[in-house]
Q: 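If you scroll down you'll find the structure; I have some questions about it.
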There are 2 protein chains.
Amino acid sequence: MDPATPEPVNVGESIESTLALIQRWSTRAENRRSLHDAEGAALSSTDSWLLERLVASKPIRMSRLAEWLEVDKSTMTTEVKRLESAGLVTRTPDPADRRAVLVSATEAGAVAIDRHRRIAQDVYNTLVGKWNEEDRADFARLLTRFSDELSWVTDAVWRHNESV
Amino acid sequence: MDPATPEPVNVGESIESTLALIQRWSTRAENRRSLHDAEGAALSSTDSWLLERLVASKPIRMSRLAEWLEVDKSTMTTEVKRLESAGLVTRTPDPADRRAVLVSATEAGAVAIDRHRRIAQDVYNTLVGKWNEEDRADFARLLTRFSDELSWVTDAVWRHNESV
DNA sequence: TATTGTTATACTCTATAACTATA
DNA sequence: TATAGTTATAGAGTATAACAATA
């Protein structure tokens with residue numbers, strides 16, 4: 001629109017430093033995750049990522065879960081066992097293929113993830129509580145868009161390295 | 001401005017799901033961090049957080065570093081030893097106080113963090129490469145603003161829990 | 001006695017490799 | 001032989017507690 005092309009913003013720099021901060025903050029926040037579980041169910045980010053999907057999907061195989069979360073199958077074994085001990089998921093043998101195990105969220109699991117998500121949303125809403133409505137809407141929109149792009153970032157890294 | 005108050009956007013929801021994705025992505029990306037180090041220096045997010053500060057500051061005590069990164073002093077010992085083995089930082093006794101240790105980044109450390117940051121920025125710039133300039137600028141601005149707010153999030157969590 | 005840092009130990013989250021059971 | 005999952009083992013990154021050296 002503007003005939004004089006403006007100096008392009010180095011968004012990469014903002015993103016890089018912000019994401020570094022967020023990662024850092026998450027690491028610390030996890031150590032305080034007891035704040036999130038007056039009910040006794042402490043959800044790490046891995047836990048919530050997994051539970052959210054279990055609640056949304058329905059009985060699913062270990063192998064599919066591992067694919068989904070992009071972790072090794074042995075990692076899934078460990079993680080699911082932990083959640084099982086906490087009573088948040090159940091494991092049942094797949095009658096159709098006796099090698100396989102079907103995982104699903106328990107009622108307690110569904111409650112825990114819901115509570116977890118609600119608290120997180122409250123906190124974030126509080127964080128941007130003083131922003132004007134337009135900024136809030138823009139941020140939500142752009143963040144969502146960014147998260148969509150993020151799905152492709154691995155490819156981007158590969159392309160970068162091939163070209164170096 | 002608008003007399004009819006519009007439906008407020010649930011930014012918290014966007015933020016919550018995006019940050020979960022980012023965390024998740026980081027976890028996976030870290031396992032591929034070799035992509036970032038053709039030169040042999042693999043930087044985890046903790047590494048880069050620490051190095052960035054060391055390069056910017058100059059010889060600094062373990063205790064100050066631990067405060068800064070908000071980790072335990074024993075964690076700092078472990079982390080700094082790892083970076084020292086990799087040749088990215090040096091530790092020298094503080095002549096002014098023989099209990100203390102001064103940590104600084106080596107030349108290799110400075111190179112590694114610079115390279116790391118540059119690659120990350122490139123990747124993110126590629127990610128938003130197709131956005132129009134206005135969206136890019138807005139995103140950078142709002143993200144930076146958000147990261148400023150984030151510094152206060154711990155307090156927000158506390159306030160939330162107190163009110164529950 | 002208080003402060004700086006290290007060591008010992010443990011827990012989470014991840015991976016690889018070797019293994020078992022089933023297909 | 002190939003696939004689904006578990007177990008054994010290891011490494012990163014964190015914490016707490018006990019300790020040593022210095023102030």
Side-chain angles (χ1 to χ4, degrees), chain A residues 20 23-34 36-37 41-51 59-86 88-103, chain B residues 20 23-34 36-37 41-51 59-86 88-103:
Chain A
Q23 271 182 246
R24 191 70 218 161
W25 168 75
S26 309
T27 304
R28 292 189 293 102
E30 292 223 338
N31 302 326
R32 293 169 183 152
R33 63 177 178 268
S34 53
H36 285 210
D37 72 327
L43 298 185
S44 71
S45 68
T46 307
D47 293 339
S48 62
W49 186 257
L50 180 55
L51 265 183
I60 178 174
R61 287 183 173 202
M62 296 289 290
S63 48
R64 282 273 291 142
L65 265 186
E67 241 175 77
W68 209 349
L69 272 76
E70 300 185 61
V71 294
D72 189 81
K73 52 191 178 156
S74 66
T75 302
M76 278 313 312
T77 297
T78 309
E79 171 71 5
V80 167
K81 273 188 178 171
R82 187 169 36 243
L83 291 179
E84 195 184 27
S85 308
L88 303 177
V89 308
T90 53
R91 291 146 33 94
T92 52
D94 183 346
D97 181 344
R98 298 203 328 260
R99 293 171 304 178
V101 171
L102 295 175
V103 185
Chain B
Q23 269 182 249
R24 192 68 220 162
W25 169 74
S26 310
T27 304
R28 293 189 291 102
E30 292 223 339
N31 302 326
R32 292 168 185 153
R33 65 176 177 268
S34 52
H36 285 209
D37 74 326
L43 298 186
S44 72
S45 68
T46 307
D47 293 341
S48 62
W49 186 257
L50 180 53
L51 266 183
I60 178 174
R61 289 184 171 200
M62 297 287 291
S63 49
R64 282 273 290 141
L65 264 186
E67 242 174 75
W68 209 349
L69 272 77
E70 300 185 60
V71 294
D72 188 81
K73 52 191 178 158
S74 66
T75 302
M76 278 313 311
T77 298
T78 309
E79 171 71 5
V80 166
K81 273 188 177 170
R82 187 166 39 241
L83 291 179
E84 194 184 28
S85 307
L88 303 178
V89 307
T90 53
R91 291 147 33 94
T92 53
D94 183 347
D97 180 344
R98 299 203 327 259
R99 292 171 304 180
V101 171
L102 296 174
V103 186

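Sequence lines set the chain letters: A, B, ... in the order given, protein chains first and strands last, and positions in each chain run from 1. In this text, all values refer to a predicted model and were calculated from it rather than measured experimentally.
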Q: Using atom names, set out every protein N or O paired with an N or O of nucleotides 1-3 of chain C below 3.5 Å, distance rounded to 0.1 Å.
A:
unit_1 : atom_1 : unit_2 : atom_2 : d
C/dT3  : O4'    : B/R99  : NH1    : 3.4
C/dT3  : O2     : B/R99  : NH1    : 2.9

Q: Any idea which of D/dT14, C/dG5, D/dG5 is nearest the B/V71 side chain?
A: D/dT14

Q: Does a nitrogen or oxygen in the side chain of B/R91 sit under 4.0 Å from OP1 or OP2 of C/dT6?
A: yes

Q: Which pair of heavy atoms, one from A/S48 and one from A/S45, lies closest together, and at what distance?
A: OG-O, 3.1 Å

Q: I need the CG-P distance between A/L50 and C/dT12, as an integer number of Å.
A: 16 Å

Q: Round to the nearest Å and state the distance from B/E67 atom CD to C/dG5 atom P.
A: 10 Å

Q: Distance check needed: C/dA23 C1' versus A/D97 CG, whole Å only.
A: 7 Å

Q: Specify the separation, in whole Å, of atom CE of A/M76 and atom C1' of D/dA4.
A: 13 Å

Q: Do A/T78 side-chain and D/dT6 base share a donor-acceptor contact under 3.5 Å?
A: no

Q: Hey, which of these two, B/A96 or A/M62, hits DNA chain D nearer its 5' end, going by closest nucleotide?
A: A/M62

Q: Ignoring backbone atoms, test whether B/T77 places a side-chain nitrogen or oxygen under 4.0 Å from the OP1 or OP2 oxygen of C/dG5.
A: no

Q: With a 4.0 Å cut-off, would you call A/E84 and A/K81 a salt bridge?
A: no

Q: Of the non-hydrogen atoms in B/D94 and B/A96, which two are nearest, and what is the gap between them?
A: OD1-N, 2.8 Å

Q: Could you tell me if the side chain of B/M62 sits less than 4.5 Å from the side chain of B/L102, heavy atoms only?
A: no

Q: Per the atom types in the model, does the base of D/dT16 pair as donor or acceptor with the side chain of B/S74 at under 3.5 Å?
A: yes

Q: Minimum heavy-atom separation for B/L65 and B/M76, please, with both atom names.
A: CD1-CE, 3.7 Å

Q: Should A/S44 be listed as having a side-chain N or O under 4.0 Å from OP1 or OP2 of C/dC13?
A: yes

Q: Please report the shortest heavy-atom distance between B/A66 and B/K73, naming the atom on each side.
A: CB-CA, 4.0 Å

Q: Can you tell me how far C1' of D/dG5 sits from CD1 of A/I60, to the nearest Å?
A: 15 Å

Q: Could you state the atom-to-atom distance from CG of A/L69 to P of C/dT14 in whole Å?
A: 8 Å

Q: Could you tell me the separation between the CG atom of A/L65 and the P atom of D/dG5, rounded to a whole number of Å?
A: 9 Å

Q: Indicate whether OP1 or OP2 belonging to C/dC13 is found under 4.0 Å from a side-chain N or O atom of A/R82.
A: yes

Q: Any idea which heavy atoms bring A/L51 and A/L88 closest together, and the distance?
A: CD2-O, 3.9 Å

Q: When we call it a touch if two heavy atoms are under 4.0 Å apart, what does A/D94 touch: a base, just sugar-phosphate, or nothing?
A: nothing

Q: For A/R98 and D/dA2, what is the distance between atoms CZ and P respectively, to the nearest whole Å?
A: 22 Å

Q: Please figure out whether B/A100 or A/E79 has its closest DNA chain C nucleotide nearer the 5' end.
A: B/A100

Q: Classify A/T75 by what it touches in the nucleic acid, base, sugar-phosphate, or nothing, heavy-atom distance under 4.0 Å.
A: base

Q: Consider the side chain of A/D72, meaning its heavy atoms from C-beta on, and name the nucleotide among C/dT16, D/dA23, C/dA23 that approaches it most closely.
A: C/dT16

Q: Starting the side chain at C-beta, find the nucleotide from D/dT22, D/dG13, C/dT6 nearest to B/K81.
A: C/dT6

Q: When you measure from the side-chain N and O atoms of A/K73 to the phosphate of C/dT16, is any distance below 4.0 Å, counting only OP1 and OP2?
A: no

Q: Less than 4.5 Å apart, side chain to side chain, heavy atoms only: is that true for B/R64 and B/V103?
A: no

